There are 2 protein chains.
Amino acid sequence: MTFDEFKQVATLSMEEICHEIFAEKQASIKIKKEAVAVKNLANIFHAALTLSNERGFQSMSLRALSRTSGLSMGALYSYFTSKEELLEMIQNQGRRLTRKVLSRQIDPQSTPGAMLRDAIRAHLYLTEIMQKWFYFSYMETKNLDKNQQKKSMESELATEQVFVDILEQGLRQHVFHVTDPVLSASVIKAMLQDWDVKRWKYARRQISVDDYADFVIGFVESAILGRNPEPDLPNKSI
Amino acid sequence: MTFDEFKQVATLSMEEICHEIFAEKQASIKIKKEAVAVKNLANIFHAALTLSNERGFQSMSLRALSRTSGLSMGALYSYFTSKEELLEMIQNQGRRLTRKVLSRQIDPQSTPGAMLRDAIRAHLYLTEIMQKWFYFSYMETKNLDKNQQKKSMESELATEQVFVDILEQGLRQHVFHVTDPVLSASVIKAMLQDWDVKRWKYARRQISVDDYADFVIGFVESAILGRNPEPDLPNKSI
DNA sequence: AAAAATAGAGCGATCGTTCGTTTTTGTGTT
DNA sequence: AACACAAAAACGAACGATCGCTCTATTTTT
């Protein structure tokens, strides 16, 4: 799957999620008509992410959000009941999209090697499309309430588990040489996250998302395919 | 060098830095006596890091800082002229300590393999000791002014360069098999940073800093020592 | 004209910062 | 040892600005 194809899948999933949010939050959203609500919600989310990523969510005043989104203070409060609820809505929306898009990208029938490559690439593509959200989520998790923080951690562990599963499957088939699948998945995830958090560094060096994906795949494969030039050889790791 | 030895070196360097800060900032610090100034500065920095890491620096009110540090509002403003200057002082202090401690840890006379291991371990030990500061720096860089942001980026690139140099030396001596030293250094740094940022994850799994260091060293070595079981063999990589 | 959506002034709370006052400290004199 | 007295340090109430949020009036849509 190329980056452009991936983009289309994500866009479709995004629309689904806006419908879901509208359906669930009808208690706190005062807007009746879905078309209006979805359009303005997307607008508000985009403006909030842009402003938050400059100085942090707490520092973003609702007056600034009003200015950037083009909606009045009163209008904003037709879409959420408090600033904190807006924070939760944004976090929720991103988690949903992450789950939805990633689960569609990995074919459990293919080989562990192929699955690992697909998972790395899919993660990076997703981060690229949802850049603002990932950065936001990364920076603002600590400002959530206990319950939402727990959800955020579970989401992190769930994405990590995708890699743990792939690595363990590779271990069972004797194609990966991994001493600790959980820690390995952890450091792989750390590399992927760096693409979002240290974006300025890679932009300055003119490294594209595909460049980075190729490199990470190569690096990880060197680390876990083992030093044996015939990785197909079984019973080596016992 | 063990973790306990490392701790002592860092503590000594910390005292040096407090002297330096007092000497340089005498324009904005209204306190005359160094003993008083150093003691309270350390107190303020510690309180500010603790509070900031809960909800972010911007969300930390100076009244809360006053409460936690035990100093009154007026007293606080004897040590800095504005909240923003406090932010800059904290960032500066951490960057200094990082530079000072790390440069003393790596012996340029040893082999690339040993240097790489030492550098990884030293980085993780430093992160462990300065945990609050690193987390703070990670989260608050974007809130600095342009000039301070530039310094922060340079500091990041400088620490990365330590790894680039080691990798390139290993390349020249044909002991490392690295396709791109800069990207390799980048992902190594990402793994090290994860120890600080995702601290809750490793704490929950009861992984110590030495456990993590051993794992990262093993992972990186698997990746770059090449698949050749005789890594001493020269001219292989040409 | 009824319903839906938006507008924006106004409210109390809290923010960073200032400044006149009080307390503590260090030193020389009795 | 007790005191006086500046200098140094700490204190905390008060100020204007801005915050999140509300509420009624107005505009837009159906």
Side-chain angles (χ1 to χ4, degrees), chain A residues 18 21-22 25-45 47-48 51-52 54-90 140 143-145, chain B residues 18 21-23 25-48 51-52 54-90 140 143-145:
Chain A
C18 282
I21 290 181
F22 177 74
K25 281 276 175 181
Q26 224 150 10
S28 50
I29 295 178
K30 293 177 193 124
I31 303 300
K32 306 289 174 186
K33 294 189 294 180
E34 179 166 334
V36 178
V38 167
K39 179 177 73 88
N40 280 336
L41 272 178
N43 178 17
I44 291 170
F45 287 169
L51 290 171
S52 293
E54 285 169 13
R55 295 278 181 199
F57 182 78
Q58 311 266 353
S59 298
M60 172 195 76
S61 76
L62 290 180
R63 285 169 179 81
L65 181 61
S66 162
R67 216 177 307 122
T68 305
S69 66
L71 289 164
S72 69
M73 294 289 289
L76 287 180
Y77 275 86
S78 302
Y79 295 89
F80 48 81
T81 61
S82 72
K83 195 184 177 186
E84 199 185 328
E85 196 193 40
L86 172 62
L87 175 56
E88 290 179 11
M89 284 169 76
I90 294 174
E140 306 297 341
N143 299 326
L144 298 168
D145 65 43
Chain B
C18 281
I21 289 180
F22 177 73
K25 280 276 175 180
Q26 224 151 12
S28 49
I29 295 178
K30 292 177 190 123
I31 304 300
K32 305 289 174 187
K33 293 188 292 182
E34 178 166 335
V36 177
V38 167
K39 180 176 73 83
N40 280 336
L41 273 178
N43 179 15
I44 292 169
F45 287 169
H46 181 258
L51 290 171
S52 293
E54 285 169 12
R55 294 278 181 198
F57 182 78
Q58 310 266 352
S59 299
M60 173 195 75
S61 76
L62 290 182
R63 284 167 183 82
L65 182 61
S66 163
R67 216 178 305 122
T68 305
S69 67
L71 289 164
S72 69
M73 296 291 288
L76 287 180
Y77 273 85
S78 301
Y79 295 88
F80 48 80
T81 60
S82 71
K83 195 182 177 188
E84 197 184 330
E85 196 195 40
L86 173 62
L87 174 57
E88 289 179 10
M89 285 169 75
I90 295 175
E140 306 297 341
N143 299 325
L144 297 167
D145 65 42

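These values consider heavy atoms only, across backbone and side chains, with no hydrogens, waters or symmetry-generated copies. Chain letters run A, B, ... following the sequence lines, proteins first, then strands; residues in each count from 1. Remember, predicted model here, so these are calculated numbers, not experimental data.
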- Could you provide the dot-bracket string of DNA chain C, using ( ) for intrastrand pairs, [ ] for crossing pairs and | for bases paired to another strand, with Watson-Crick or G-U pairs below 3.5 Å? ||||||||||||||||||||||||||||||
- A/K32 has an atom NZ; how far is it from atom P of C/dA2, in whole Å? 18 Å
- Euclidean distance, A/E88 CD relative to A/D145 CG, rounded to 0.5 Å: 5.0 Å
- Atom CD of B/Q26 and atom C1' of D/dA8: how far apart are they, to the nearest Å? 14 Å
- Task: Give A/S82 one of three labels, base, sugar-phosphate or nothing, depending on what nucleic acid heavy atoms sit under 4.0 Å from its own.
- Result: sugar-phosphate
- Item | d(CZ, A/R63; C1', D/dT22) in whole Å | 12 Å
- Task: Could you tell me whether the side chain of A/K30 and the main chain of A/Y79 form a donor-acceptor pair under 3.5 Å?
- Result: no
- Task: Indicate whether OP1 or OP2 belonging to D/dA10 is found under 4.0 Å from a side-chain N or O atom of B/Y79.
- Result: yes
- What nucleotide, of D/dG20, D/dA10, C/dC15, holds the atom closest to the side chain of B/V36? D/dA10
- Item | Min side-chain heavy-atom separation B/S69-B/L76 under 4.5 Å | yes
- For A/I31 and C/dA7, what is the distance between atoms CD1 and C1' respectively, to the nearest whole Å? 13 Å
- Item | Donor-acceptor contact present, side-chain B/S66 to main-chain B/L62, <3.5 Å | no
- Item | For atom CD1 of A/I29 and atom C1' of C/dA4, their distance in whole Å | 15 Å
- Item | side chain to side chain donor-acceptor pair (under 3.5 Å) against B/K25, all qualifying residues, sequence neighbours excluded | B/E85
- Would you say B/T81 and B/I29 make side-chain contact, with heavy atoms under 4.5 Å? no
- Does B/N40 have a side-chain nitrogen or oxygen under 4.0 Å from the phosphate oxygens OP1 or OP2 of D/dA10? yes
- Task: Grab the NZ-C1' distance between B/K33 and D/dA6 for me, whole Å please.
- Result: 13 Å
- Task: Using only side-chain N and O atoms of A/S72, determine if any of them is under 4.0 Å from OP1 or OP2 of C/dA7.
- Result: yes
- Item | A/L62 side chain, from C-beta outward: closest of C/dG16, D/dC21, C/dT6 | D/dC21
- With rounding to the nearest 0.5 Å, note down the distance linking OG in B/S61 to CZ in B/R55. 13.0 Å
- Message: Return whichever of A/E34 or A/M73 has its heavy-atom-nearest nucleotide of DNA chain C closer to the 5' end.
- Response: A/E34
- Query: Atom CD of B/Q58 and atom P of C/dC15: how far apart are they, to the nearest Å?
  - Reply: 13 Å
- Query: So does B/R67 reach the base of D/dG12 with its side chain, donor to acceptor, closer than 3.5 Å?
  - Reply: no
- Does the side chain of B/F57 come within less than 4.5 Å of B/K83's, by heavy atoms? yes
- Tell me: CG of A/N143 to P of D/dG20, nearest whole Å? 13 Å
- Query: Between C/dC15, D/dC21, C/dA7, which nucleotide has the shortest distance from any of its atoms to the side chain of A/Y77?
  - Reply: D/dC21
- How is A/S78 classified with respect to the nucleic acid when contacts are heavy atoms under 4.0 Å: base, sugar-phosphate, or nothing? base
